[in-house]
Amino acid sequence: MAELTIDAVVFDVLGTLVDEPAGLRTGIRALTLSASPAPSLSPSPSLDDSGTERLLLLWQRHIEREQGRIVDGDRPYLPSDALDREAAEIVARAAGAEDPATGAAPDAVASLARAARRLPPWPDTVAGLARLAERFPLIGLSNASRTALLELNAHAGLRWHQALSAEDARTYKPDPEVYRLAVTVAGLPPERLLMVAAHAWDLRGAQAVGLRTAYVARPVGDPPTSSDRFDLYAKDLADLAGQLGVS
C-alpha cells in the first residue's frame, strides 16, 4: 500500500464520533414516558429493552431507506431534519403515542426528532479530536443537515476547523458529491485527505473519489469485509493518532 502523506483529516460524525443509537434510545424512552395521547387512548406503557430496540430499528431502517432513495434519484432531496421528523412519526405511531384519528402528538414527535441532535460522544472523541487537531486541519463531513450538525457539535463538544453538511450537496453519502465538498474546502488533492469513519460503506464512497481511508472500530457501524482495503485500521482515536505519528 502506498505511503500515506496526509494534510487534512475528514471525519464522519454519526456513529463514528457520537453514539447515535444511544441518543435515539433516550428519545424513544422519553417518548413513551411523556407523550400525552388523546383521552380516548390509554397512556403508552414504558418500553422494555426489546421494545426500545424494535422502535430504534424502525427509525434506522426508515432513514437508511429514504436517504438511499434520494441518492438513487427516486425521491427529491430533503434535509436530514425532515427525514428525522418522518422517522419520529413512524416510531410514535408504533409506540402508541398518537390518536388514530389525528395522528401523533406534535410535541411528542418534535421532541423525539430532536433526539437525533442530542447524541453523546464516544469516550475518546473529544480528546482524540483535540490531539489530532494539533497536527492536522480537521473537517467534519456529515449527512446531518447544517442546523442538526450545529446542535450535534454543541451537544457533544465536537471542535472542528470546518464542519460540512451533505445538505450543501443536496444529497447524502455515499454520493461522490458529498466527499467532493471536503476536497473543495481543503483545496487539496483528494489523496492528501484522510477519511475516518466507523462505516465501511462510507469509506468505500470516499475511496471512489480518491480519498485515503481509515476505519475506526465502534460498537455500532458497518465493519469492513474481507474484500475491503483501507489504508488504516484503528481500535479508537488514540490508536489512529498514534498511527499518524501524533504524540
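For R114, the side-chain contact (heavy atoms from CB on, under 4.5 Å) partners are A110, S111, R118, not counting sequence neighbours. Residues passing the side-chain contact (heavy atoms from CB on, under 4.5 Å) test with Q243 are L232, A234, D239, sequence neighbours excluded. R135 meets the salt bridge (Lys or Arg N to Asp or Glu O under 4.0 Å) test with no other residue; sequence neighbours excluded. Shown here are the side-chain contact (heavy atoms from CB on, under 4.5 Å) partners of D74, two or more places apart in sequence or in another chain: R69, D72.
Taking the side chain as every heavy atom from C-beta outward, T225 and D228 approach each other to under 4.5 Å. Residues L244 and L194 form a side-chain contact, since some pair of their non-hydrogen atoms from C-beta on lies under 4.5 Å apart. Using a 4.5 Å cut-off on side-chain heavy atoms (C-beta onward), D175 and I70 make no contact. Looking only at side-chain heavy atoms (C-beta outward), L158 and V18 come within less than 4.5 Å of each other. At least one side-chain heavy atom of L78 sits under 4.5 Å from a side-chain heavy atom of E86. Between R25 and E53 the shortest side-chain heavy-atom distance falls below 4.5 Å. Put simply, the side chain of I28 reaches to within 4.5 Å of the side chain of L56, judged on heavy atoms. Side chains of L164 and V178 form no contact here, defined as non-hydrogen atoms less than 4.5 Å apart.
Among the candidates D124, D202, D12, D236, the single residue satisfying the salt bridge (charged side-chain N to carboxylate O under 4.0 Å, His left out) test with R218 is D124.
Note that CZ of R159 is 10.0 Å distant from CG of L129, once rounded to the nearest 0.5 Å. Expressed to the nearest 0.5 Å, how far CZ of R212 lies from CG of L193 amounts to 11.0 Å. Atom CZ of residue R204 and atom NE2 of residue H199 lie 12.0 Å apart, to the nearest 0.5 angstrom. Taken from OG1 in T26 to CG in L112, the straight-line distance is 11.0 Å, to the nearest 0.5 Å. Between the CZ atom of F11 and the OG1 atom of T16 there is a distance of 9.0 Å, given to the nearest 0.5 Å. Rounding to the nearest 0.5 angstrom, the gap separating the CZ atom in R192 from the CG atom in L4 is 11.0 Å.
At distances below 3.5 Å, not a single donor-acceptor pair connects side-chain atoms of T171 with backbone N or O atoms of V71. Proximity of a side-chain donor or acceptor of H62 to a complementary backbone N or O of V91 within less than 3.5 Å is not detected. Using modelled atom types, no side-chain atom of E134 and backbone atom of S247 make a donor-acceptor pair closer than 3.5 Å. Between the side chain of D222 and the backbone N or O of W201, at least one donor-acceptor pair lies under 3.5 Å. Listed for the S145 side chain is no donor-acceptor partner under 3.5 Å among the backbone atoms of S80. With R131 contributing its side chain and V246 its backbone, the two residues share a donor-acceptor pair below 3.5 Å. Judged by distance alone, the side chain of T213 and the main-chain N or O of M195 form no donor-acceptor pair under 3.5 Å. Remark: side-chain polar atoms of K173 are paired, donor with acceptor, to backbone N or O of L141 under 3.5 angstrom.
If you chain together ILVMFWY residues whose side-chain heavy atoms come under 4.5 Å of each other, V220 ends up grouped with W122.
Residue pairs that meet the ring-ring contact (aromatic ring centres under 6.0 Å, His included) test with at least one member in residues 134-184, sequence neighbours left out, are Y77-Y172.
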**OP:** Check the pair L17, L152 against side-chain contact (heavy atoms from CB on, under 4.5 Å), reporting the backbone distance first and the verdict last.
**Re:** CA-CA 10 Å; L17 297 179; L152 276 167; over 6 Å; no

Original post:
Which is it for L83 and E64 under the side-chain contact (heavy atoms from CB on, under 4.5 Å) test, yes or no, and what are the steps along the way?
Top reply: CA-CA 10 Å; L83 299 185; E64 180 179 357; over 6 Å; no

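At a threshold of 4.0 Å, the pair R146-D168 counts as salt-bridged, since one of the basic side-chain nitrogens sits closer than that to a carboxylate oxygen. Comment: E177 engages R180 in a salt bridge, judged by a side-chain N to carboxylate O separation of less than 4.0 angstrom. The pair D84-R117 does not count as a salt bridge, with every side-chain nitrogen at least 4.0 angstrom from each carboxylate oxygen.
The cluster map of Ile, Leu, Val, Met, Phe, Trp and Tyr, joined by side-chain heavy atoms under 4.5 Å apart, puts V126 and L237 in different clusters.
Closest approach of A163 and N153 over heavy atoms only: CB-ND2, 3.8 Å. Closest approach of L149 and S165 over heavy atoms only: CD2-N, 4.2 Å. Annotation for A95 and L55: closest pair CB-CD1, 3.8 Å, computed over non-hydrogen atoms. Of all heavy-atom pairs between Q207 and F230, the closest is NE2-CD2, 3.6 Å. Closest approach of G23 and A115 over heavy atoms only: O-CB, 4.0 Å. When all heavy atoms are compared, the tightest approach of A166 to L181 is CA-CD1, 4.4 Å.
Within a 6.0 Å radius of CZ in R61, no more than 12 heavy atoms belonging to other residues, nucleotides or ligands are found.
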